[in-house]
Amino acid sequence: MANQDLLVYRDKIDAIDEQILALLSSRAACAKAIGHIKQNQTVAMPFYRPEREKAVLERLMDMNPGPLPDKEIRRLFREVMSACLALEMPMDIAYLGPEGTYTQAAVLKQFGHSVNTVPLRTIPDVFKAVQSENAHFGIVPSENSTEGVVTHTLDMLLQSDLRICGEILLRIQHNLLSNAESLSAVKAVYAHEQALAQCRNWLNRYIPHADLRPVSSNGKAAEIAATEANAAAIAGQMASDFYGLSILAAGIEDETNNTTRFLVIGNQQLTPTGDDKTSLVVSANNHPGLLHQLLEPIARYKVNMTRLESRPARQAIWEYVFFIDLEGHEHDEKTASLLAEIKRTASFFKVLGSYPVGTVF
Ligand SMILES: O=C(O)C(=O)C[C@]1(C(=O)O)C=C[C@@H](O)C=C1
């Protein structure tokens, strides 16, 4: 009898799948039509519209009746839009490699699996690929749990004409990946030194006998663990799939809730979504109270500053440049007048981009 019920539900699922397929095909046809419209404009119209994608995903999560959790709805529709965008324009996305790193996971979280991902060796290489139009967008770490603030990215943003077109927040889960039979068989653990530091308590407790070996990236660690007997790597789920390693232990970080931030860099100006951030870089001749003078308008406008970073300036005329993230879009009225005030006091002022606030999902 139970089996009979099961068959009834399978029949229902078959019928529903047919409807989903028909609907997906209609959706894809609409995306193709949008692609033609975009292609036929006299003024170039961007194919990738992160602000629209954000609105689509949020609307569906708000409407979600269950039982699928919002996170799964987001993931499924993320992939639907990724496939639709690929019909309009196949996207090449450059990122800081190697494959299997958290940066690659960030690419897939933002763009889905239907893009062509291009791993590059350095952050300047990623900027160059986008600048020379060898890639549509680039993904670089900004504040990385494995490197802290990524100063290279800040330096490149200062020099380059590219803009920040998005931020990607990724919850980092460290796993112990290995082909060893068991934890007791693991003789060496490879990882970026920060990942080793973040898992220290767990490593001391469960594999105190293992030799800890820092390497340049967690992707590199996984590559070594895939070939060396009884070696393990600390890396994300992606690396386990990519290098064919088993997850010997999942979620081994001492501090859970570990989120890192990546930036999407490109040539695109995005329109406001109502929930945006603006990144800028400012400097002025050094004098007592300089920072206060630059920041005072932000307090007066009651705008939230989500980040402040100072970097030694390359040119000697300014000693420091300040990287500031604010809530709001440069084309919002309030943000625009705040930016105009900051610009008046600064001798150097550059908006790096206005883009939708990222979600941790
Ligand atoms: O609305 C658009 O402009 C589309 O191109 C459609 C669509 C989608 O599939 O919903 C696809 C790609 C864009 O990045 C945004 C949305």
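Values below: all heavy atoms of this structure, side chains included; hydrogens, waters and symmetry mates excluded. Everything numeric here is computed off the predicted structure, so don't read it as measured data. First listed ligand is number 1; within each ligand, the first listed atom is number 1.
- At a threshold of 4.0 Å, the pair Arg75-Glu79 does not count as salt-bridged, since none of the basic side-chain nitrogens sits closer than that to a carboxylate oxygen.
- The 12-atom threshold is exceeded at CZ of Arg307, counting heavy atoms of other residues, nucleotides or ligands nearer than 6.0 Å.
- A salt bridge between Asp125 and Lys128 is present, with a side-chain N of the basic residue lying under 4.0 Å from a carboxylate O of the acidic one.
- The Tyr48 neighbourhood of ligand 1 comprises atoms 14 (O), with distances under 4.0 Å to a heavy atom of that residue.
- Residue pairs meeting the salt bridge (Lys or Arg N to Asp or Glu O under 4.0 Å) criterion with at least one partner in residues 159-184, sequence neighbours excluded, are Arg163-Glu330, Glu167-Arg261, Glu167-Lys277.
- Of all the heavy atoms of Cys84, the ones lying under 4.0 Å from any atom of ligand 1 belong exclusively to the side chain.
- Of the protein's heavy atoms, Arg27 NH2, 2.8 Å lies nearest to atom 10 (O) of ligand 1.
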List the atom pairs, donor and acceptor, that lie under 3.5 Å between side-chain atoms in residues 224-234 and the rest of the protein, sequence neighbours left out.
unit_1: Thr227; atom_1: OG1; unit_2: Ile224; atom_2: O; d: 3.0
unit_1: Glu228; atom_1: OE1; unit_2: Tyr190; atom_2: OH; d: 2.8
unit_1: Glu228; atom_1: OE2; unit_2: Tyr190; atom_2: OH; d: 3.0

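- Shown in contact with Lys38 at under 4.0 Å from a heavy atom are these atoms of ligand 1, numbered in order with element: 2 (C), 3 (O), 4 (C), 5 (O).
- Of the candidates Arg52, Glu88, Arg49, Glu88 brings a heavy atom nearest to atom 4 (C) of ligand 1.
- Which parts of ligand 1 touch Met81 is read off a 4.0 Å heavy-atom cut-off, strictly below it: atoms 8 (C), 9 (O), 10 (O).
- For atom 12 (C) of ligand 1, the nearest protein heavy atom (residue, atom name, distance) is Glu53 OE2, 3.7 Å.
- The existence of a salt bridge linking Lys187 and Asp211 is excluded, since no basic side-chain nitrogen approaches an acidic carboxylate oxygen closer than 4.0 Å.
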